[in-house]
Asks: 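Handing you this structure, nothing more for now.
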Amino acid sequence: PIDSLLSVQGKLLAAKASFGTIPVPAYPMQDSQVPSDLAEAALRFAPNPLMIGWTREEGGAFLASDPRMLKVSADQVLTTFKELFGVSGPIRYTRALKRRLSGTPYTSMVDMVTDKYFKPGAIRAAKLYSRAGGTPYTFQLDYPSPMPNVGACHCFDIPFWLGNFE
């Protein structure tokens, strides 16, 4: 049964995957135990200190596994930036390239995933928490994985918190 389930999950991911996206195999579900309002939950949890973080290359773990992304062209990435950011897309793409010593179209896509989908939500949550009277501590992990093209990817900070690198 598990082989069948994994096979179907793989087909579902492949069907949902498109250029530069992160197909997610499972989505969070809300029930009576999960707060529907982040600000309300922050009020209840404050004044406890809270750490909120992200990694420099959140998208690395997702995009590095797609051979198309590793060979992505500048034109493809520029088109994606224009679609996502409108008239500021070309400027954002140029900045993404120049952010690194060895900026490439691929690293620009990885950075875009972090800057659009992960980092802003973490900063927003920290601000909400602070407004609720809590003390948030934010961090960005930059230490990269030894695996090529992955960088400091999504969840790469967890072994540092747990003290387990095996």
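Owing to the predicted nature of the structure, the values given are computational and were not obtained by experimental measurement. Starting from 1, each residue takes its place in the sequence as its number.
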Asks: State whether the side chain of T79 and the backbone N or O of D75 hold a donor-acceptor pair below 3.5 Å, judged by distance alone.
Replies: yes
Asks: Which heavy-atom pair separates D111 from R99 by the least distance, and what is that distance?
Replies: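 Closest approach of D111 to R99: CB-NH1, 3.5 Å.
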Asks: Identify whether the distance between the nearest side-chain nitrogen and carboxylate oxygen of R92 and D115 falls below 4.0 Å.
Replies: no
Asks: At what distance, to the nearest 0.5 angstrom, does CZ of F118 lie from OG1 of T55?
Replies: 7.5 Å
Asks: Quick one, F62 and M69 - any side-chain contact, counting heavy atoms below 4.5 Å?
Replies: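 No - every pair of side-chain heavy atoms lies 4.5 Å or more apart.
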Asks: Can you confirm whether the side chains of Q76 and S73 place a donor and an acceptor under 3.5 Å from each other?
Replies: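 Q76 vs S73: donor-acceptor pair found between side chains.
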Asks: Return a table of donor-acceptor pairs under 3.5 angstrom between the side chains of residues 145-164 and protein atoms on other chains or two or more places apart.
Replies:
from : atom 1 : to   : atom 2 : distance (Å)
S145 : OG     : M147 : N      : 3.0
H154 : ND1    : E58  : OE1    : 2.6
N164 : OD1    : E166 : N      : 3.0

Asks: Checking the side chain of S130 only, and the main-chain atoms of A126 only, is there a donor and an acceptor separated by less than 3.5 Å?
Replies: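 Judged by distance alone, no pair lies under 3.5 Å.
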Asks: Applying a strict under-4.5 Å side-chain criterion to I, L, V, M, F, W and Y, I'd like to know whether I91 and L84 cluster together.
Replies: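 I91 does not cluster with L84.
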Asks: Might you point out which heavy atoms bring Y137 and P49 nearest each other, and give the distance in Å?
Replies: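 So the two residues come closest at CE1-CB, 3.8 Å.
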Asks: Looking at every heavy atom in both P120 and T114, which two are closest together, and how far apart are they?
Replies: CD-O, 3.8 Å
Asks: CG/L141 to CZ/R56 distance, rounded to the nearest 0.5 angstrom?
Replies: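 Result: 8.5 Å between the selected atoms.
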Asks: Once rounded to the nearest 0.5 Å, what's the spacing between atom NZ of K119 and atom OG1 of T138?
Replies: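 Nearest 0.5 Å value for the NZ-OG1 distance: 9.5 Å.
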Asks: Roughly how far, to the nearest 0.5 Å, is CG of L97 from OG1 of T107?
Replies: 6.5 Å
Asks: Going through the distances and angles, do M109 and L63 end up as a side chain to side chain contact (heavy atoms under 4.5 Å, CB included)?
Replies: CA-CA 8 Å; M109 284 296 292; L63 301 181; 4.1 Å; yes
Asks: Can you confirm whether more than 12 heavy atoms, excluding those of R95, are under 6.0 Å from its CZ atom?
Replies: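 No - once you tally the heavy atoms of other residues, nucleotides and ligands closer than 6.0 Å, there are 12 at most.
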Asks: For the residue pair F81 and S108, what are the closest heavy atoms and their distance?
Replies: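 Closest approach of F81 to S108: CZ-O, 3.6 Å.
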Asks: Looking at P136 and G134, what are the two nearest heavy atoms and their distance?
Replies: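 Closest pair (atom of P136, atom of G134, distance): CD-O, 3.4 Å.
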Asks: Going from CH2 on W54 to CD1 on I123, what distance comes out if it is rounded to the nearest 0.5 angstrom?
Replies: 4.0 Å
